[in-house]
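I have placed the structure first, in the form of structure tokens, so that the comments after it can refer back to it.
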Amino acid sequence: MTTTRTWDAAIDPQVDASRPKLAALRRHIHANPEPSGEEFETTRHLAAVLRVAGLAVTVAPSGTGLVAEPVAQGAGPRIAFRADIDALRVADEKDVEYRSRRPGIAHACGHDAHATIAVGAALAFDACAAALPWPVRWRLILQPAEETS
């Protein structure tokens with residue numbers, strides 16, 4: 001028996017269309033790393049991206065890290081996906097346009113990519129909510145200071 005899956009037919013083009021925007025986001029985060037507990041600009045930038053997409057964003061009281069979710073998804077159980085946003089106190093030795101602009105601080109641990117992937121998933125879930133096979137309540141958590149936890 002073959003099942004028609006309209007949700008993947010909706011999500012795949014959404015992800016493909018987001019690719020340039022997500023690549024730019026990852027490069028921005030990579031070029032502007034902030035170490036654990038100091039992710040203020042990273043948080044502000046990610047919050048702005050998510051708010052422009054129409055998501056509800058709550059920044060942590062510390063000003064680092066955030067939670068985002070659809071504006072009107074109601075109460076009840078939900079899935080969550082989490083990514084780290086902090087960088088390490090190491091030199092970025094790459095020679096690329098988007099290398100770290102902050103001496104001695106770099107996303108050598110991949111948190112720039114983790115955060116971008118999680119944002120991409122949130123944007124895809126939100127854009128394709130009507131095509132999903134059941135209502136999916138979700139929350140995106142962008143965690144600061146993982147490297148010190």
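Values reported hereafter were calculated over all heavy atoms of this structure, with side chains retained and with hydrogens, waters and symmetry mates removed. Predicted, not measured: the structure shown is a model, and the values here were computed from it.
The two atoms that bring P144 and T64 nearest to each other are CG-O, 3.4 Å, heavy atoms only. Heavy-atom minimum distance, P20 versus A17: CD-O, 3.6 Å. When all heavy atoms of V59 and A47 are compared, the pair lying nearest together is CG2-CB, 4.3 Å. Of all the heavy atoms in V71 and A56, the pair that sits closest is CG2-N, 3.9 Å.
In this view, A127 and Q14 satisfy the side-chain contact (heavy atoms from CB on, under 4.5 Å) rule, not counting sequence neighbours. Applying the side-chain contact (heavy atoms from CB on, under 4.5 Å) rule to R89 yields the partners P35, E38, I105; only residues at least two apart in sequence or on another chain are considered. Residues meeting the salt bridge (charged side-chain N to carboxylate O under 4.0 Å, His left out) test with R78, sequence neighbours left out: E69.
One distance of note links CD of Q143 with NE2 of H114; it measures 12.0 Å at 0.5 Å rounding. Separation of atoms CG (L22) and OG1 (T116) is listed at 7.0 Å; rounding is to 0.5 Å.
A distance-only check finds a donor-acceptor pair linking the side chain of E39 to the backbone of A145 [under 3.5 Å]. With R139 contributing its side chain and A80 its backbone, the two residues share no donor-acceptor pair below 3.5 Å. Put simply, the side chain of H30 never gets that close to the backbone of D112: no donor and acceptor are under 3.5 Å apart.
I85 and Y98 fall into different hydrophobic clusters, where Ile, Leu, Val, Met, Phe, Trp and Tyr residues are linked whenever their side-chain heavy atoms come under 4.5 Å apart, directly or through other members. Criterion: ILVMFWY side-chain heavy atoms under 4.5 Å apart, direct or through other members. Under it, V96 and V90 are not part of a common hydrophobic cluster.
Sorted by first and then second residue, the ring-ring contact (aromatic ring centres under 6.0 Å, His included) pairs with a member in residues 57-82 read F81-F125, F81-W138; sequence neighbours excluded. The stretch residues 38-59 participates, sequence neighbours left out, in these ring-ring contact (aromatic ring centres under 6.0 Å, His included) pairs: H28-H45.
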Inset, instruction - Show your reasoning for whether side chain to side chain contact (heavy atoms under 4.5 Å, CB included) applies to N32 and R102. - result: CA-CA 7 Å; N32 299 282; R102 298 186 173 142; 4.0 Å; yes

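Contact annotation: the side chain of L142 never approaches that of T43 to less than 4.5 Å [non-hydrogen atoms, C-beta and beyond]. With a 4.5 Å cut-off on side-chain heavy atoms, I29 and L46 count as touching. For the pair L66 and T58, the minimum side-chain heavy-atom distance is 4.5 Å or more. R82 is listed as a side-chain neighbour of D84, based on a closest heavy-atom distance under 4.5 Å. Using a 4.5 Å heavy-atom cutoff, the side chains of C109 and E147 are in contact. Under the 4.5 Å side-chain criterion, counting only non-hydrogen atoms from C-beta, V119 is in contact with L140.
Side-chain N/O atoms of S100 and D92 include no donor and acceptor closer than 3.5 Å.
In the hydrophobic clustering, I141 connects to V67, either directly or through intervening members, whenever side-chain heavy atoms lie under 4.5 Å apart.
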